[in-house]
Structures are given as structure tokens and as C-alpha cells.
Participant: 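Mind having a look at this structure? Questions to follow.
Predicted, not measured: the structure shown is a model, and the values here were computed from it. Residue numbering restarts at 1 for every chain, and letters A, B, ... go by the order of the sequence lines.
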Protein chains: 2
Amino acid sequence: MPRTKQNVTPERLFQALGDRTRLRLLNLMGDQELCVCYFVEILNQPQPKISRHLAYLRRAGVVTSRREGKWIHYRMEQPSNPQAQELLRNVLAWLADDKAMQADRARLVRACCAPSKCSLIREAPQPAFVSGKPEDRKRSR
Amino acid sequence: MPRTKQNVTPERLFQALGDRTRLRLLNLMGDQELCVCYFVEILNQPQPKISRHLAYLRRAGVVTSRREGKWIHYRMEQPSNPQAQELLRNVLAWLADDKAMQADRARLVRACCAPSKCSLIREAPQPAFVSGKPEDRKRSR
DNA sequence: TTTACATATTCGTCAATGCGGATATAATGA
DNA sequence: TCATTATATCCGCATTGACGAATATGTAAA
């Protein structure tokens with residue numbers, strides 16, 4: 001029997017949100033799917049660290065990933081519970097108030113405008129908001 | 001200089017929310033101030049455990065306490081940031097969906113209707129929603 | 001089939017935190 | 001003052017989780 005997406009418990013979700021690095025990751029992928037190398041570039045943190053936190057978010061059911069060749073894209077996953085959806089929207093809205101989070105988003109935009117300047121993302125696929133593809137996010141699993 | 005209420009960081013708040021016992025406590029005090037002995041009675045957990053979790057919530061800036069003789073009342077504290085306020089409202093709404101949380105609230109109402117049956121709260125001051133005093137919560141600190 | 005590159009995982013260490021049990025503190029009343 | 005009651009804190013232990021460093025895996029390209 002194919003295991004359907006299990007409901008995230010509130011405490012599990014909040015544990016996932018209880019770390020600065022993970023909040024920064026969610027802040028960046030709030031709008032769109034992003035490739036791992038962007039997170040590493042923007043947050044300027046060791047790649048294994050980023051990877052570990054992404055894995056934590058995935059295990060907590062907050063994000064999903066999709067492979068595209070060598071690259072792996074992460075995006076937020078809509079919880080099945082409407083209250084939880086609303087809550088995640090609120091989280092992102094709160095983060096948007098934070099100066100450091102705004103700076104992260106600004107760095108993302110800058111990196112996307114001049115990918116050639118960023119060693120890590122020079123050849124990586126661009127996020128949708130740059131390439132212009134409107135919401136063609138495929139379901140992964 | 002009197003220290004004003006410092007802003008709660010998102011990660012700190014979410015850490016505070018990342019525990020089942022603390023969520024149950026918040027669920028109970030969502031509507032009104034409550035005396036510690038009620039938490040002990042309703043959750044049916046060791047008093048030191050309840051006390052530790054209440055202390056955690058207090059340190060995280062989520063609740064405040066007020067002493068009344070032998071008893072100490074806890075209530076949720078409004079964050080200064082409107083986004084955080086909205087978020088806490090959402091948390092409570094989400095919890096209200098949870099069967100176990102509903103059961104807790106039902107036990108609270110039952111305990112308040114027959115305090116003589118509950119050894120721990122036999123003589124404790126009743127919560128405002130029982131005694132009928134409309135929102136006379138005094139600021140503590 | 002090598003090589004290079006993107007990403008994930010493992011390992012050892014350390015700090016934070018949850019718990020039960022015991023004890024301390026604070027207010028009340030005899 | 002002493003006893004009682006409500007609540008808080010401390011102790012020792014186990015678990016979780018964050019980290020850097022090293023290494024493994026998977027894909028593509030030569």
C-alpha cells in the first residue's frame with residue numbers, strides 16, 4: 001500500500017522551525033523552488049551543513065526535493081491541514097520582517113542576476129522566478 | 001534603566017513551541033489565565049515537570065506569571081511584533097483542531113465545574129471564565 | 001572507465017534539553 | 001515558631017541535535 005503523506009504533528013513542525021539556518025532556508029524557498037547550490041552560495045555556509053538542515057526539513061515534512069541531473073531542487077511542501085498551511089504563510093510573513101532575511105533575499109536576487117560571478121551556481125539551473133517559467137513545479141516524491 | 005520586553009526571535013519562539021507538553025499548556029491557557037495546579041490536574045503529569053515547562057515558556061517570553069498568595073497564575077503574553085501575535089493566534093487555532101487538545105479543554109471545563117472532586121484544585125482560585133470576572137488580568141512582572 | 005562535480009551521509013564531540021526523584025523556597029495558617 | 005501547601009529548582013542520566021571534517025553517492029562528461 002503506497003504510504004500517503006503523513007500529517008505533520010505541530011511539535012515536529014515547530015522543532016523544524018526552531019533553528020536559524022533552517023528559517024533562512026525556508027525564507028529563501030518561500031516563493032520558489034531552489035537548487036541546493038543557491039542555498040550554499042547565499043548563506044555562505046559549508047555545503048554539508050546546508051545539506052543536513054535540508055534533510056531535517058525533508059524528514060519533518062516541510063519541504064520536498066526533486067532531482068534534475070546533478071542538481072537537486074528543494075521547495076516547500078503544502079501541509080494537508082489548512083491550519084498548518086495558514087501557519088506556514090504566517091511564518092514566512094514574519095520572516096519577511098526580519099532585516100537579515102531581507103538581506104538573504106536580496107543576495108538571492110543579485111546572485112541570479114549575475115550567476116557568472118558566483119562560482120557555485122555558474123552553471124546551475126536558474127530558479128523559476130528568473131527563467132520565467134510560471135509555476136511548472138512537478139510533484140516529486 | 002527598566003528593561004523593556006525584548007523581542008522574541010522566531011527560532012526561540014519555535015523552540016518553545018516544539019514540545020508536546022508545552023503545546024498542551026498553551027492550549028489550556030489560550031483563553032484565560034490559569035493557576036499551576038490546574039495544569040498539573042488536567043495534564044496529569046508530575047508537578048516538577050509542569051513547572052519546568054512553564055519556566056521554559058516564561059524564559060522564551062511566551063507567557064508571564066502572577067502570584068496570588070500560594071498560587072501562581074500563568075497566561076500567554078502578547079508579543080510586541082504584530083506578525084508574531086498573528087502567528088500565535090494561528091498556533092492556537094491549529095491546536096484547537098487536535099483531538100487530544102480538545103480533550104484537555106474538556107477536562108478543564110469539567111474540573112472547573114466540580115473542583116471538589118479534584119484534590120489539587122479544591123481550594124485554588126477559579127479561572128476567570130468560571131468566576132465570571134471579565135478580563136481583569138493584572139499585568140505582572 | 002576515469003574524472004569532475006553536486007549533494008548526501010557518517011563520525012566524533014559538545015551543548016541543549018527532557019525526564020524522574022529529591023529537595024528548596026515561599027506563603028499561609030495554627 | 002512550626003507545619004502545610006503550592007511551586008520552583010537541582011541532580012544525574014539519557015536523548016537529541018548542531019557542528020566541522022572526512023567520506024560516500026550519484027550523475028554527467030571526457
Side-chain angles (χ1 to χ4, degrees), chain A residues 9 11-25 29 33-60 62-75 115 118-126 140, chain B residues 9 11-25 29 33-60 62-75 115 118-126 140:
Chain A
T9 78
E11 59 271 27
R12 187 94 179 87
L13 173 62
F14 292 129
Q15 284 163 10
L17 298 177
D19 178 274
R20 186 74 184 169
T21 301
R22 289 196 288 271
L23 288 180
R24 294 179 72 188
L25 294 173
M29 71 180 102
E33 188 181 64
L34 273 187
C35 170
V36 175
C37 54
Y38 279 87
F39 299 120
V40 175
E41 174 78 31
I42 307 298
L43 298 199
N44 194 30
Q45 304 267 317
Q47 174 267 324
K49 175 173 171 179
I50 299 290
S51 188
R52 259 184 282 121
H53 283 292
L54 287 171
Y56 191 117
L57 289 171
R58 187 161 22 82
R59 281 193 302 268
V62 186
V63 307
T64 26
S65 57
R66 170 180 74 88
R67 181 179 276 277
E68 178 184 355
K70 293 192 291 189
W71 297 278
I72 301 188
H73 303 264
Y74 280 82
R75 68 164 178 280
C118 307
S119 57
L120 290 166
I121 62 176
R122 218 177 316 134
E123 301 186 86
Q126 290 191 317
S140 84
Chain B
T9 77
E11 59 271 28
R12 187 95 180 88
L13 173 62
F14 292 129
Q15 284 164 10
L17 297 177
D19 177 275
R20 186 74 185 170
T21 302
R22 289 195 289 270
L23 289 180
R24 293 179 73 188
L25 294 173
M29 71 179 103
E33 188 181 65
L34 273 186
C35 171
V36 175
C37 55
Y38 279 87
F39 298 120
V40 176
E41 174 79 31
I42 307 299
L43 298 199
N44 194 29
Q45 303 267 318
Q47 175 268 324
K49 175 173 171 178
I50 298 291
S51 188
R52 258 183 286 121
H53 283 293
L54 287 171
Y56 192 116
L57 289 172
R58 187 161 20 82
R59 281 193 301 268
V62 186
V63 308
T64 26
S65 57
R66 169 180 75 87
R67 181 180 276 277
E68 178 184 355
K70 293 190 293 188
W71 297 278
I72 301 187
H73 303 263
Y74 280 82
R75 68 161 178 281
C118 307
S119 57
L120 290 167
I121 62 176
R122 217 177 316 134
E123 302 185 86
Q126 290 191 317
S140 83

Participant: If each of A:Gly69 and A:Pro46 is mapped to the nucleotide of DNA chain D with the nearest heavy atom, which maps nearer the 5' terminus, i.e. the 5' end?
Facilitator: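 So the residue in question is A:Pro46.
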
Participant: Do any N or O atoms of the protein come closer than 3.5 Å to N or O atoms of nucleotides 11-18 of chain C, and which pairs are they?
Facilitator:
unit_1: C:dT17; atom_1: OP1; unit_2: B:Tyr56; atom_2: OH; d: 3.2
unit_1: C:dG18; atom_1: OP1; unit_2: B:Arg22; atom_2: NH1; d: 3.0
unit_1: C:dG18; atom_1: OP1; unit_2: B:Arg22; atom_2: NH2; d: 2.8
unit_1: C:dG18; atom_1: OP2; unit_2: B:Arg22; atom_2: NH1; d: 3.4

Participant: Hey, is the side chain of B:Gln47 pairing donor to acceptor with the base of D:dA6 inside 3.5 Å?
Facilitator: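 Between D:dA6 and B:Gln47, which were checked side chain against base, a qualifying N/O pair under 3.5 Å is absent.
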
Participant: Can you say whether the rings of B:Phe39 and B:Tyr74 are parallel (under 30°), tilted (30 to 60°) or perpendicular (over 60°)?
Facilitator: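 Ring orientation, 0 to 90° scale: perpendicular.
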
Participant: Measure the spacing between CZ of B:Arg75 and CE of B:Met29 and express it to the nearest 0.5 Å.
Facilitator: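 Rounded to the nearest 0.5 Å, the CZ-CE separation comes out at 11.0 Å.
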
Participant: Does B:Arg12 make a cation-pi contact with A:Phe14, if we ask for NZ or CZ under 6.0 Å from the ring centre and within 45° of the axis?
Facilitator: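 That pair does not qualify as a cation-pi contact.
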
Participant: Out of C:dT9, C:dT7, D:dA8, which nucleotide sits closest to the side chain of B:Arg58?
Facilitator: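 For B:Arg58, the side-chain atoms sit closest to D:dA8.
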
Participant: Output the rounded distance in Å from CZ (B:Arg20) to P (C:dC19).
Facilitator: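 Computing the B:Arg20:CZ to C:dC19:P distance gives 13 Å.
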
Participant: For residues 42-55 of chain A, run the donor-acceptor check on the side chains, cut-off 3.5 Å, and write out each pair with its distance to 0.1 Å, sequence neighbours left out.
Facilitator:
unit_1: A:Gln45; atom_1: OE1; unit_2: A:Lys49; atom_2: NZ; d: 2.5
unit_1: A:His53; atom_1: ND1; unit_2: A:Arg22; atom_2: NH1; d: 3.1

Participant: Round to a whole Å and report the spacing from CD of A:Gln45 to P of D:dG20.
Facilitator: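 Going from A:Gln45 (CD) to D:dG20 (P), I get 7 Å.
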
Participant: Atom CG of B:Leu54 and atom C1' of D:dA6: how far apart are they, to the nearest Å?
Facilitator: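 So the two atoms are 13 Å apart, to the nearest Å.
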
Participant: Side chain of B:Lys70 only, please: which of D:dT9, D:dT27, D:dT5 is the nearest?
Facilitator: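 So the nucleotide nearest the side chain must be D:dT5.
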
Participant: Should B:Tyr74 be listed as having a side-chain N or O under 4.0 Å from OP1 or OP2 of D:dA6?
Facilitator: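 B:Tyr74 to D:dA6 OP1/OP2: no side-chain N or O under 4.0 Å.
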
Participant: When you get a sec, tell me which of D:dG26, C:dA27, C:dT7 is the closest nucleotide to the side chain of A:Arg67?
Facilitator: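 Of the options given, the side chain of A:Arg67 lies nearest D:dG26.
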
Participant: Whole angstroms only, please: what is the CH2-C1' distance between B:Trp71 and C:dA27?
Facilitator: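 After rounding, the reported distance stands at 10 Å.
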
Participant: In Å and rounded to the nearest 0.5 Å, what is the SG to CH2 distance from A:Cys35 to A:Trp71?
Facilitator: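 One finds 7.5 Å between SG of A:Cys35 and CH2 of A:Trp71.
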
Participant: Let me confirm one number: the CG-CD1 distance from B:Leu34 to B:Ile72, rounded to the nearest 0.5 Å.
Facilitator: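 It is 14.0 Å, given to the nearest 0.5 Å.
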
